[in-house]
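We're numbering straight along the sequence, starting at 1. Worth saying up front: this structure is predicted, and the values here are computed from it rather than measured.
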Amino acid sequence: MSKLLIISHDHIGERMAGVGIRYFEIACALAASHDVILAAPVGSHLPTRNASKFRGELHLYEPANPQTLAEAIQRCDVLLAYPDTVWQCRAMLDGYTPAVAVDGYDITLLEHLELDPKCNNSDEQWRWLNQYQTITRYILSRGDLFLVGTERQRDWWLGALAANGRVNPLTYRDDPSLRRLVDLLPYGIPDQRPTHTRQVLRGVVQGITTNDKIVLWGGGAWEWLDPLTLIRAAEQIARQRTDVKFVFPGLRHPAGDLVRSMPMQQRTIELA
């Protein structure tokens, strides 16, 4: 049986953001039939309520010191990780040559362009872009399989791979659909259907009654998302009815300093 190393660059624990949830659920699903090591930043732990779901091994590492992943990389046959993580491990990967599956669900270029739009011509922005291009060129040549969340993302990666010579007679003859090169890996949620065990909003949160209809914002308030339009819509709806409530369960990353605060979070609060 092949040993698979999944490296999460986000914390795993009781409270997780999207990235942590994705890697934990992928690890749980694959550990049912494979030998899996789930690597996560120091301070991570298996969620208490779901610890039994994961039948593999948890390995803690220091994000600032990729060498703390060396032992796990030496033991793996296949590695699954985010592009930046693959880049940080490149010396170890080239030494042990496991197969590399690149998790390309997050198009960081498009996110970064939204982070500081007023500083797009700054030296810092151009330095970041040069580094991004260096990392991407390495990833496009080193990756054996590229995984994405949607078909539109698949188009993005196929275009990048084609521009870098990876769509060629060999890859096409191997699989004319090119699914063996770029394929879908949906975001990552539990297999079990959710069950209602207790009230958490209706009749519990002040201002939300048991009969209210709830519109739930499912994530953080990042610069590349648009919670402001939703808040403006809520204001218009509130003129006509009072039984629709808009809920933002968490504007900030649960790991605190791991993800920097963004101006969109304050803009969201101020507009609300």
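Listed by chain and residue number, R198 satisfy the side-chain contact (heavy atoms from CB on, under 4.5 Å) test with V200 (two or more places apart in sequence, or in another chain). Residues forming a ring-ring contact (aromatic ring centres under 6.0 Å, His included) with Y172 (at least two apart in sequence, or on another chain): none.
The distance from the CD atom of Q88 to the CD1 atom of I135 is 7.5 Å, given to the nearest 0.5 Å. Rounding to the nearest 0.5 Å places CG of L30 at 12.5 Å from CZ of R55.
Hydrophobic clustering keeps I7 apart from Y187 (ILVMFWY residues linked when any side-chain heavy atoms are closer than 4.5 Å, directly or through intermediates). A continuous path of ILVMFWY side-chain contacts below 4.5 Å connects W87 to I107, so both sit in one hydrophobic cluster.
For the residue pair D175/S177, the side-chain donor-acceptor check at 3.5 Å is satisfied.
Open room surrounds CZ on R267; 12 or fewer heavy atoms of other groups in view lie less than 6.0 Å from it. Within 6.0 Å of OH on Y96 lie no more than 12 heavy atoms contributed by other residues, nucleotides or ligands.
The shortest distance between side-chain heavy atoms of L184 and L147 does not fall below 4.5 Å.
Ring geometry for Y82 against H9 counts as parallel: the plane angle stays under 30°, on a 0 to 90° scale with 60° as the upper cut. Between H112 and W128, the ring planes are parallel. Angles under 30° get that label, and only those over 60° would be called perpendicular.
Taking 4.0 Å as the cut-off between side-chain N and carboxylate O, K245 and D212 count as a salt-bridged pair.
Pairs passing the salt bridge (Lys or Arg N to Asp or Glu O under 4.0 Å) check and including a residue from residues 177-188, sequence neighbours excluded, read E151-R179, D174-R180, R179-D183.
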